[in-house]
Amino acid sequence: ALEATDALKASTQCVPFCADRFIKTRHVEVKFWCLQTLCEAVHNGYDTVEDEHKTFLKQCLLSWLSTAPARPEEPIFIRNKGAQLMVLVMKREYPSHWPTFFTD
């Protein structure tokens with residue numbers, strides 16, 4: 001299992017895979033792993049992520065944020081890790097690549 005997760009982390013499909021699973025799964029363990037993996041990807045190799053994958057990640061984050069009030073039962077550690085990811089993405093994207101960050 002560890003080899004499979006390490007292979008995914010090294011893959012060019014890591015960001016879209018984890019963003020998609022984060023949005024779709026109901027398992028908090030999977031959500032947290034996806035968020036942690038995305039944080040690592042943004043922090044360590046965001047420059048190599050394809051533009052379409054960056055766009056997909058931003059769309060997933062905005063979707064998650066916009067529906068947060070409908071999920072009051074979501075654990076605080078998921079919300080915290082999601083906020084951490086949002087800040088990491090903002091640091092890389094704003095203002096040059098995502099000038100509408102604060103209005104989106």
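The chain is numbered in sequence order, starting from 1. The basis for the numbers below is simple: all heavy atoms, side chains too, and nothing from hydrogens, waters or symmetry mates.
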Between CG on residue Leu57 and CD on residue Glu50, distance to nearest 0.5 Å: 13.5 Å
CA sep, side-chain torsions, deciding dist, call: Asp47, Arg92, salt bridge (charged side-chain N to carboxylate O under 4.0 Å, His left out): CA-CA 9 Å; Asp47 295 337; Arg92 297 290 185 137; 3.8 Å; yes
Do the non-hydrogen side-chain atoms of Phe77 and Val28 ever get within less than 4.5 Å of each other? yes
Is the shortest heavy-atom distance from the side chain of Leu88 to the side chain of Tyr46 under 4.5 Å? no
So do Val89 and Tyr94 actually touch side chain to side chain, heavy atoms under 4.5 Å? no
Close side-chain approach of Glu93 and Phe101, heavy atoms under 4.5 Å: no
Is there a donor-acceptor contact under 3.5 Å from the side chain of Asp20 to the main chain of Pro16? no
Can you tell me how far apart NE2 (His27) and CZ (Arg21) are? Round to the nearest 0.5 Å. 12.0 Å
Donor-acceptor pair, distance only, cut-off 3.5 Å: does the side chain of Thr103 make one with the backbone of Thr100? yes
Less than 4.5 Å apart, any side-chain heavy atom of Cys14 and any of Thr37? yes
Do Phe102 and Met90 come close enough that some side-chain heavy atom pair is under 4.5 Å? yes
Hey, quick one: are Leu61 and Val30 part of the same hydrophobic cluster, counting side-chain heavy atoms closer than 4.5 Å, chains of contacts allowed? no
How long is the gap from SG on Cys18 to CD1 on Ile23, to the nearest 0.5 Å? 12.0 Å
4.5 Å side-chain heavy-atom contact, Ile78 and Phe32: yes
Under 3.5 Å, side chain of Arg79 to main-chain N/O of Pro75, donor-acceptor pair present? no
Can you measure from SG (Cys60) to NZ (Lys24) and round to the nearest 0.5 angstrom? 8.5 Å
